[in-house]
Amino acid sequence: MSGKPWWHPDALEDRLPTLQRRAAILGAIRLYFLERGFDEVETPALQVSPGLEPHLKAFATTLADPLGDSQPLYLHTSPEFAMKKLLAAGLPRIFQIARVFRNGERGVWHHPEFTMLEWYRAWEGTAELMYDCAGLLRASLTAIGAETCRRGELRCDPFADWERLTVAEAFERDAGIDLLATAPDPLAPDRDRLAAAARGIDLH
C-alpha cells in the first residue's frame with residue numbers, strides 16, 4: 001500500500017485489481033440468478049423495526065417530516081424481513097445484493113457496513129439451495145479466472161464434488177458431540193446438556 005488516503009490516485013491504483021474482481025463477481029452473481037428466472041429486488045434500508053435478532057444491534061435514525069413531526073427509524077441489518085413480505089405477496093424467486101448495517105461490530109471479519117447477498121426460492125428445499133451455493137461460488141471464481149478458494153495456507157476446490165452432511169453429522173465428526181443427544185425433546189431444548197458437551201471439548 002502507498003500509505004496515502006484511499007481516494008488518492010496512487011492508493012486507488014493499489015486497490016484497482018480488487019475493485020475490478022469485486023465488480024466481476026457481482027456481475028456473475030446477477031447473471032447466475034437471472035438465468036434461473038429470479039427477479040432482482042431492492043427493498044428499503046430504512047425500517048420501522050430494528051428486527052428481532054437479539055445478537056444484532058441496529059443503527060437508529062430519525063425521519064423528519066416536512067410538517068415538523070418526526071419518527072424513529074432503523075437501518076436494516078439484513079433485507080430478510082422485507083424480502084419475505086415479497087414472498088408472501090407472490091414472488092417465488094427473488095434475490096438482492098443489499099448494503100446492510102450492524103452497529104457495534106468491528107474486527108478483521110466484521111464491519112458495521114457491508115454488502116449482503118440474500119435470495120429465496122419458494123416451494124423448494126434445501127437441496128436446491130445447496131446447488132445454488134455451489135453454483136454461485138463456481139460462477140464467481142470463473143468470473144475472475146480463479147480455480148480454487150484459499151484462506152492462508154488452506155485451499156479448496158469448489159469445482160470438485162461437494163460434500164453434503166447434516167448439522168448433527170458435522171458436530172459428531174468435527175467436535176465429537178452427539179448433538180441430538182443434547183436435545184432429546186426438540187420442543188424443550190436442554191441448554192445445560194449442550195453446555196456440558198461443549199465443556200467436554202474445552203469450550204465455555
Identify each donor-acceptor pair in which a side-chain atom of residues 92-106 lies under 3.5 Å from a protein atom, sequence neighbours left out, and give them as a table.
| from | atom 1 | to | atom 2 | distance (Å) |
| --- | --- | --- | --- | --- |
| R93 | NE | E124 | OE2 | 3.3 |
| R93 | NH1 | R36 | O | 2.6 |
| R93 | NH2 | E124 | OE2 | 3.0 |
| Q96 | OE1 | T43 | N | 3.1 |
| Q96 | OE1 | T43 | OG1 | 3.3 |
| Q96 | NE2 | T43 | OG1 | 3.0 |
| R99 | NE | E113 | OE2 | 3.2 |
| R99 | NH1 | T115 | OG1 | 2.6 |
| R102 | NE | T77 | O | 3.0 |
| R102 | NH2 | T77 | O | 3.2 |
| R106 | NH1 | H111 | NE2 | 3.1 |

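- The main-chain N or O of D10 is never found under 3.5 Å from a side-chain atom of E13 such that the two would form a donor-acceptor pair.
- To the nearest 0.5 Å, atom CE of residue M116 and atom NE2 of residue H76 are 8.5 Å apart.
- The salt bridge (Lys or Arg N to Asp or Glu O under 4.0 Å) contacts involving residues 38-54 comprise R30-E40, where partners must be two or more places apart or lie in separate chains.
- Both L26 and L117 sit in one connected hydrophobic cluster of ILVMFWY residues. Membership requires side-chain heavy atoms under 4.5 Å apart, directly or through other members.
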Determine all donor-acceptor pairs shorter than 3.5 Å in which one atom belongs to a side chain in residues 56-74; sequence neighbours excluded.
| from | atom 1 | to | atom 2 | distance (Å) |
| --- | --- | --- | --- | --- |
| D65 | OD1 | L67 | N | 2.7 |

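- Sorted by first and then second residue, the ring pair (Phe, Tyr, Trp, His ring centres under 6.0 Å) pairs with a member in residues 130-162 form an empty list; sequence neighbours excluded.
- Linking ILVMFWY residues whenever their side-chain heavy atoms come closer than 4.5 Å, directly or via other members, places L136 and L129 in the same cluster.
- Nearest heavy atom pair, residue A28 against residue A143, reads CB-CB, 3.7 Å.
- Closest non-hydrogen pair, C156 versus P158, comes out as O-CD, 3.3 Å.
- Listed by chain and residue number, R193 satisfy the salt bridge (Lys or Arg N to Asp or Glu O under 4.0 Å) test with D190 (two or more places apart in sequence, or in another chain).
- One finds the CG atom of L154 at 11.5 Å from the OG1 atom of T148 (value rounded to the nearest 0.5 Å).
- Under a cut-off of 6.0 angstrom, the local environment of CG in D161 is sparse, with at most 12 non-hydrogen atoms contributed by other residues, nucleotides or ligands.
- Through direct or indirect side-chain contacts shorter than 4.5 Å among Ile, Leu, Val, Met, Phe, Trp and Tyr, I201 is connected to V167, F171, I177, L179, L194, L203.
- A continuous path of hydrophobic side-chain contacts links I144 to I29 [ILVMFWY only; heavy atoms under 4.5 Å].
- Dense packing is recorded around CZ of R164, with more than 12 heavy atoms of other residues, nucleotides or ligands lying under 6.0 Å away.
- Of all the heavy atoms in S140 and I25, the pair that sits closest is OG-CG2, 3.6 Å.
- Take D185 and apply the side chain to side chain contact (heavy atoms under 4.5 Å, CB included) test, not counting sequence neighbours, and it matches L187, A188.
- Cluster membership for F33 and L31, using ILVMFWY side-chain heavy atoms within less than 4.5 angstrom, is not shared.
- Legend: residues meeting side chain to side chain donor-acceptor pair (under 3.5 Å) with E163, ordered by chain and number and at least two apart, are R173.
- Outside the 6.0 Å centre-distance limit, the rings of W119 and F38 are not counted as a close aromatic pair.
- Atom CG of D178 and atom OG1 of T182 lie 7.5 Å apart (nearest 0.5 Å).
- Annotation: salt bridge (Lys or Arg N to Asp or Glu O under 4.0 Å) contacts of K84 (sequence neighbours excluded): E80.
- Every residue meeting the side chain to side chain donor-acceptor pair (under 3.5 Å) condition with T18, not counting sequence neighbours, appears here in chain and number order: R21.
- The side chain to side chain donor-acceptor pair (under 3.5 Å) test applied to E118 returns Y120, not counting sequence neighbours.
- Atom CZ of R150 sits in a sparse spot, with 12 or fewer heavy atoms from other residues, nucleotides or ligands closer than 6.0 Å.
- Applying the salt bridge (Lys or Arg N to Asp or Glu O under 4.0 Å) rule to pairs touching residues 128-149 yields R121-D132, sequence neighbours excluded.
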